[in-house]
Amino acid sequence: PEPWKRVIERIHPFSYQKHFPKTCIAFQHILENKKPERFSQKIEIALQSHQFEDVVKLLKQRPGEFARRLQHCLKQFPVQQQQLLDAFKTVIDAVPIALLFQIKHYFLQNRTLKYRTFFPKGQSAKVFAIKNNLAPLSAVITTQITT
């Protein structure tokens, strides 16, 4: 952070706060030695505190992330599963087709296989397999997702 503090002293970014507000916030974090809160941290905090509305609001901002976390959210909020699917349907057009096929396949195979396989985001060469200890979702929910 020290070299950035010297840059801030020289370029006076706060003079352009009206034009570049996010940059000024980032520079303010540097000056105060604070780490900015990442998007994934916000989601994790909302999930841990069981704040359904906040989780949905955040995930609707990033449809791909919503799709990847759909199964986890369905397990986390069993009472609001239908509301969660309705919210997902509003952003489904922004989800990449390849990811939709992966999700469909995941939910179709989830009930029958002994092991769950998955590829971490951006690491298509690394496949992970773990025992399938998940309780299956209801047939109604699974059918809505896969059709």
Side-chain angles (χ1 to χ4, degrees), residues 1 4-5 7-8 13-147:
W4 282 108
K5 289 179 182 178
V7 169
I8 293 168
F14 300 105
S15 301
Y16 305 98
Q17 190 166 5
K18 193 182 259 185
H19 299 289
F20 306 105
K22 291 181 181 178
T23 305
C24 289
I25 291 170
F27 283 139
Q28 189 66 39
H29 284 287
I30 291 170
L31 291 173
E32 295 173 359
N33 292 325
K34 292 189 336 187
K35 290 187 178 182
E37 199 173 67
R38 295 187 321 248
F39 184 78
S40 59
Q41 287 176 319
K42 292 177 185 178
I43 292 173
E44 289 301 322
I45 290 168
L47 282 169
Q48 288 174 359
S49 57
H50 299 284
Q51 297 173 349
F52 177 76
E53 291 81 18
D54 292 343
V55 170
V56 170
K57 181 181 171 187
L58 287 168
L59 288 175
K60 285 174 87 173
Q61 295 173 17
R62 296 197 183 166
E65 188 71 21
F66 199 161
R68 286 183 201 89
R69 289 181 180 255
L70 184 59
Q71 190 269 345
H72 180 227
C73 291
L74 288 168
K75 297 288 184 178
Q76 182 86 21
F77 302 105
V79 177
Q80 295 105 338
Q81 286 181 342
Q82 190 58 50
Q83 290 174 285
L84 190 65
L85 287 179
D86 292 341
F88 182 64
K89 287 177 187 176
T90 64
V91 297
I92 201 165
D93 291 336
V95 177
I97 300 276
L99 184 55
L100 289 174
F101 280 124
Q102 289 174 3
I103 289 168
K104 180 177 181 176
H105 178 69
Y106 172 79
F107 280 101
L108 285 173
Q109 76 171 359
N110 193 28
R111 288 192 257 174
T112 58
L113 297 178
K114 292 180 183 178
Y115 291 94
R116 293 175 31 212
T117 58
F118 57 94
F119 297 90
K121 181 181 176 184
Q123 299 180 7
S124 59
K126 293 183 179 181
V127 64
F128 289 89
I130 60 174
K131 261 197 166 166
N132 189 4
N133 296 329
L134 296 175
L137 293 168
S138 71
V140 174
I141 296 295
T142 305
T143 303
Q144 284 185 21
I145 294 169
T146 56
T147 55

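Numbering of residues begins at 1 and proceeds along the displayed sequence.
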(request) Taking side-chain contact (heavy atoms from CB on, under 4.5 Å) as the test, write out the residues that go with V127, two or more places apart. (result) T117, F119
Once rounded to the nearest 0.5 Å, what's the spacing between atom [atom1] of [X] and atom [atom2] of [Y]?
X	Y	atom1	atom2	result
T142	F107	OG1	CZ	7.0 Å
L74	L85	CG	CG	5.5 Å
C73	R68	SG	CZ	13.0 Å
Q61	I43	CD	CD1	8.0 Å
F101	K104	CZ	NZ	7.0 Å
I8	W4	CD1	CH2	8.5 Å

Side chain to side chain donor-acceptor pair (under 3.5 Å) partners for [X], two or more places apart:
X	answer
Q144	Q82
E53	none
D54	none
K5	E2, N33

(message) Using a 6.0 Å cut-off, check whether atom CZ of F14 has over 12 heavy atoms from anything other than its own residue.
(response)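 More than 12 within 6.0 Å, yes.
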(request) Would you check if the side chain of Q76 reaches a backbone N or O of L47 as a donor-acceptor pair within less than 3.5 Å? (result) yes
(message) Main chain of L58, side chain of R62: is a donor-acceptor contact present, judged purely on distance under 3.5 Å?
(response)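 Side chain of R62 to backbone of L58, a donor-acceptor pair under 3.5 Å: no, none is there.
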(message) According to ring pair (Phe, Tyr, Trp, His ring centres under 6.0 Å), does anything in residues 125-147 pair up with another residue at least two apart or in another chain? List the pairs.
(response) F118-F128
(request) Just grab all the ring pair (Phe, Tyr, Trp, His ring centres under 6.0 Å) pairs involving residues 21-55, residues at least two apart or on different chains. (result) F52-F77
Name the atoms and distances for all side-chain donor-acceptor pairs under 3.5 Å in residues 87-100, with sequence neighbours left out.
residue : atom : partner : partner atom : Å
T90     : OG1  : A87     : O            : 2.5

(request) Any pair with a residue in residues 18-33 that passes salt bridge (charged side-chain N to carboxylate O under 4.0 Å, His left out), sequence neighbours left out, goes on the list, sorted by first then second residue, please. (result)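 Listed once each, the pairs are E32-K34.
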(message) Using the salt bridge (Lys or Arg N to Asp or Glu O under 4.0 Å) criterion, which residues pair with R69? Sequence neighbours excluded.
(response)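 Counting only residues at least two positions away or on another chain, R69 forms a salt bridge (Lys or Arg N to Asp or Glu O under 4.0 Å) with E44, E65.
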(request) Please report the shortest heavy-atom distance between P78 and Q81, naming the atom on each side. (result)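 Shortest heavy-atom contact: O-CG, 3.4 Å.
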